[in-house]
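No hydrogens, no waters, no symmetry mates; every other heavy atom, side chains included, goes into these values.
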Amino acid sequence: MDFLIVDDDPTFREGATLLVEEEGHYAEAVGSGEAALTRLREDRFEAVLLDLHLGAENGLDVLSDILRAHPGMPVVLCTAEGTVAPAVEAMRRGAVDYLEKPFRRDHLLTVVARLQRIGQLDQRIRRLEQEVSESRSGSPEPLFDFSTPAMREVMDVLSRAAPTPASILILGESGTGKGVVAREVHHQSDLRDRAFVTVSCPSLSRELLESDLFGHTKGAFTGAVKDHWGKVRAAEGGTLFLDEIGDLPVEIQPKLLRLLQEREYERLGENVTRQARVRVIAATNRDLKQRVAEGHFREDLFFRLNVISVTMPPLRARQEDIVRFAGHYLRHFAAQCGRRFEGFSDDARAELMRYPWPGNLRELRNAIERAAILARGQTVHLADLPLELRAPVEPGAEAGPVDTDEILSLDRLEERAIRRALKRASSLAQAAQWLGIDQATLYRKRKKLGLSGSDL
């Protein structure tokens with residue numbers, strides 16, 4: 001925890017700071033109520049230890065000022081008076097506890113444990129509120145049937161690893177549900193009542209990503225107009241999910257390695273080392289071994305992340321799931337549109353099974369959302385599905401279950417789907433939407449295949 005100690009006695013401030021830090025917490029001390037309010041505006045603290053007598057200032061008045069400016073801030077009043085009256089008045093004004101000066105280590109530990117329970121309860125309330133909000137919005141993501149053959153081996157490994165603090169690496173193509181599985185691991189762990197925080201590694205510039213991950217202080221870089229706590233702090237005591245870790249800039253990788261090995265980090269612009277109690281789950285659609293060989297990913301970081309690793313099978317290798325997931329999406333988007341569907345026609349169902357789904361679940365979700373909006377009747381027909389699904393099958397992409405030879409040519413399947421989408425789409429954004437991937441990913445894949453803008 002991060003404590004702000006407010007006392008006008010420099011000897012007590014120094015002693016209390018040392019005592020708090022010896023117990024593995026961060027402490028900062030100021031000598032007046034005005035200085036305390038200034039630091040609370042500038043930075044984030046989890047609790048305040050406040051002296052009752054601050055020279056000419058009354059600690060109870062400072063307590064009221066703190067709670068007025070920062071409602072819910074846990075404040076512990078410290079008093080040298082051996083009477084109950086000041087403590088009762090402090091509790092009446094909103095203090096969560098009090099300590100008699102000079103306090104002993106065991107008394108401090110008791111109060112800190114109580115503050116940690118309060119923090120955990122607040123965090124749990126926020127998580128439950130978020131879950132209720134998500135439930136009301138109706139998340140379209142399907143619940144995986146973890147008993148299906150393609151997923152049974154993956155979830156067996158993850159279920160055994162979930163209760164441990166080990167880092168987990170989830171591999172697989174874009175759109176296979178790596179984030180959903182990461183959240184399932186969190187729910188199966190002892191951290192299920194704590195925060196689950198996601199960081200999308202390729203979404204920001206290096207500097208902004210580092211700030212988003214670790215936080216920054218005011219003036220750390222252009223545009224840093226105030227202090228900011230990062231996702232590591234937000235995930236304290238819970239799970240930090242690093243999505244698309246293969247795209248993490250090389251400059252940030254040593255800091256992530258330090259976080260994993262030493263459980264320490266520093267915000268941009270400050271030299272204060274902070275402790276982090278987070279469980280890290282990472283995911284990527286990249287070949288990390290190849291990234292290591294190319295010098296784009298640190299080998300030591302790869303080994304540290306790769307304690308437990310699984311590979312999510314693509315949707316085309318899980319044909320028993322396709323129609324079930326399509327039905328889930330259809331029910332979701334039908335409810336959003338205020339419609340009722342009986343299901344899919346035979347030809348639509350056959351096409352859903354035949355198509356290779358290079359965009360996996362994202363592409364399937366987009367296809368079903370389109371069908372739910374445009375279908376004329378209560379049954380989704382082949383004509384209601386996107387045009388690329390109804391295109392003639394090219395040689396080497398025959399209908400039917402995918403065999404071993406076909407699995408070995410997934411790159412060719414993806415290339416054909418990309419070429420087909422680029423040829424038929426009116427823009428890169430539309431092609432990306434059809435494929436179920438983001439525009440930046442499609443741009444990189446198009447460049448890798450040697451395709452130009454004229455292919456649209």
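- With rounding to the nearest 0.5 Å, the separation of CD1 in I368 from CG in L330 is 6.5 Å.
- Ion pairing between a basic and an acidic side chain is recognised when a charged N comes within 4.0 Å of a carboxylate O; E210 and R206 show such pairing.
- A salt bridge links D212 with K231: the distance from a Lys NZ or Arg NE/NH1/NH2 to an Asp or Glu carboxylate oxygen falls below 4.0 Å.
- Legend: salt bridge (Lys or Arg N to Asp or Glu O under 4.0 Å) pairs involving residues 281-293, not counting sequence neighbours, sorted by first then second residue: D247-R286.
- Look at D156 and R160 and you find a salt bridge, because one of the NZ, NE, NH1 or NH2 atoms lies within 4.0 Å of a carboxylate O, short of that distance.
- Looking at heavy atoms from C-beta onward, Y265 lies out of side-chain contact with K255 at the 4.5 angstrom threshold.
- Counting only heavy atoms from C-beta outward, the side chains of L248 and L242 never approach each other to under 4.5 Å.
- Under the 4.5 Å side-chain criterion, counting only non-hydrogen atoms from C-beta, R324 is not in contact with R318.
- With rounding to the nearest 0.5 Å, the separation of CZ in R365 from CD in E363 is 12.0 Å.
- Side-chain atoms of N360 come within 3.5 Å of backbone N or O of L315 as a donor-acceptor pair.
- With rounding to the nearest 0.5 angstrom, the OH atom of Y329 is 6.0 Å from the CG atom of L364.
- No side-chain heavy atom of L50 sits under 4.5 Å from any side-chain heavy atom of V76.
- Between L288 and G246 the shortest heavy-atom distance is CD2-CA, 3.6 Å.
- Formation of a donor-acceptor pair under 3.5 Å by the R263 side chain with backbone atoms of V278 is found in this model.
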(message) Between T441 and S174, does the side-chain contact (heavy atoms from CB on, under 4.5 Å) criterion hold? Intermediate values first, please.
(response) CA-CA 9 Å; T441 300; S174 179; 5.6 Å; no

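- In terms of heavy-atom proximity, F214 sits nearest to L256 at CZ-N, 4.1 Å.
- Between the side chain of T217 and the backbone N or O of H228, no donor-acceptor pair lies under 3.5 Å.
- To the nearest 0.5 angstrom, D300 atom CG is 4.5 Å from L257 atom CG.
- N285 places a side-chain heavy atom less than 4.5 Å from the side chain of E244.
- Ring geometry for F241 against F196 counts as parallel: the plane angle stays under 30°, on a 0 to 90° scale with 60° as the upper cut.
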(message) One pair to check against side-chain contact (heavy atoms from CB on, under 4.5 Å): I66 and L37. What are the steps and the verdict?
(response) CA-CA 7 Å; I66 289 175; L37 291 169; 3.9 Å; yes

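- Here the closest heavy-atom approach between residue A195 and residue A235 is recorded as CB-CA, 4.3 Å.
- E14 CD: 12 or fewer foreign heavy atoms inside a 6.0 Å radius.
- Using a 4.5 Å cut-off on side-chain heavy atoms (C-beta onward), L209 and V199 make contact.
- Screening E184, R192, H186 for a side chain to side chain donor-acceptor pair (under 3.5 Å) with Q188, the sole residue that qualifies is E184.
- In terms of modelled atom types and a separation under 3.5 Å, the side chain of E46 and the main chain of D2 share a donor-acceptor contact.
- The CG atom of L191 sits 5.0 Å away from the OG1 atom of T239 when rounded to the nearest 0.5 Å.
- A cation-pi arrangement, defined by a distance under 6.0 Å to the six-membered ring centre and an angle within 45 degrees of its axis, is present between R274 and Y26.
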(request) Carefully, step by step, assess V48 and L40 under the rule side-chain contact (heavy atoms from CB on, under 4.5 Å). (result) CA-CA 10 Å; V48 176; L40 288 171; 4.2 Å; yes

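- Heavy atoms only, all atoms of each residue included: A372 and F341 are closest at O-CZ, 3.5 Å.
- Residues V181 and T176 fail the side-chain proximity criterion, which asks for heavy atoms closer than 4.5 Å.
- The CH2 atom of W357 sits 14.0 Å away from atom CD of E173, with the distance rounded to the nearest 0.5 Å.
- No donor-acceptor pair closer than 3.5 Å links the side chain of D7 to the backbone N or O of R13.
- What you find for L169 and A283 is that their closest heavy atoms are CD1-N, 4.5 Å.
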(message) With side-chain contact (heavy atoms from CB on, under 4.5 Å) as the criterion, how do F3 and T17 come out once you've worked through the C-alpha distance, each side chain's angles and the decisive distance to 0.1 Å?
(response) CA-CA 9 Å; F3 288 87; T17 299; over 6 Å; no

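- With hydrogens and angles ignored, the 3.5 Å screen pairs no side-chain donor or acceptor of R267 with any backbone N or O of V272.
- In this structure the side chain of V310 never reaches within 4.5 angstrom of the side chain of M155, judged on heavy atoms.
- A pairwise comparison of heavy atoms in E266 and N271 identifies OE2-O, 3.9 Å as the closest pair.
- Around the CD atom of Q261, the shell of radius 6.0 Å holds more than 12 heavy atoms that belong to other residues, nucleotides or ligands.
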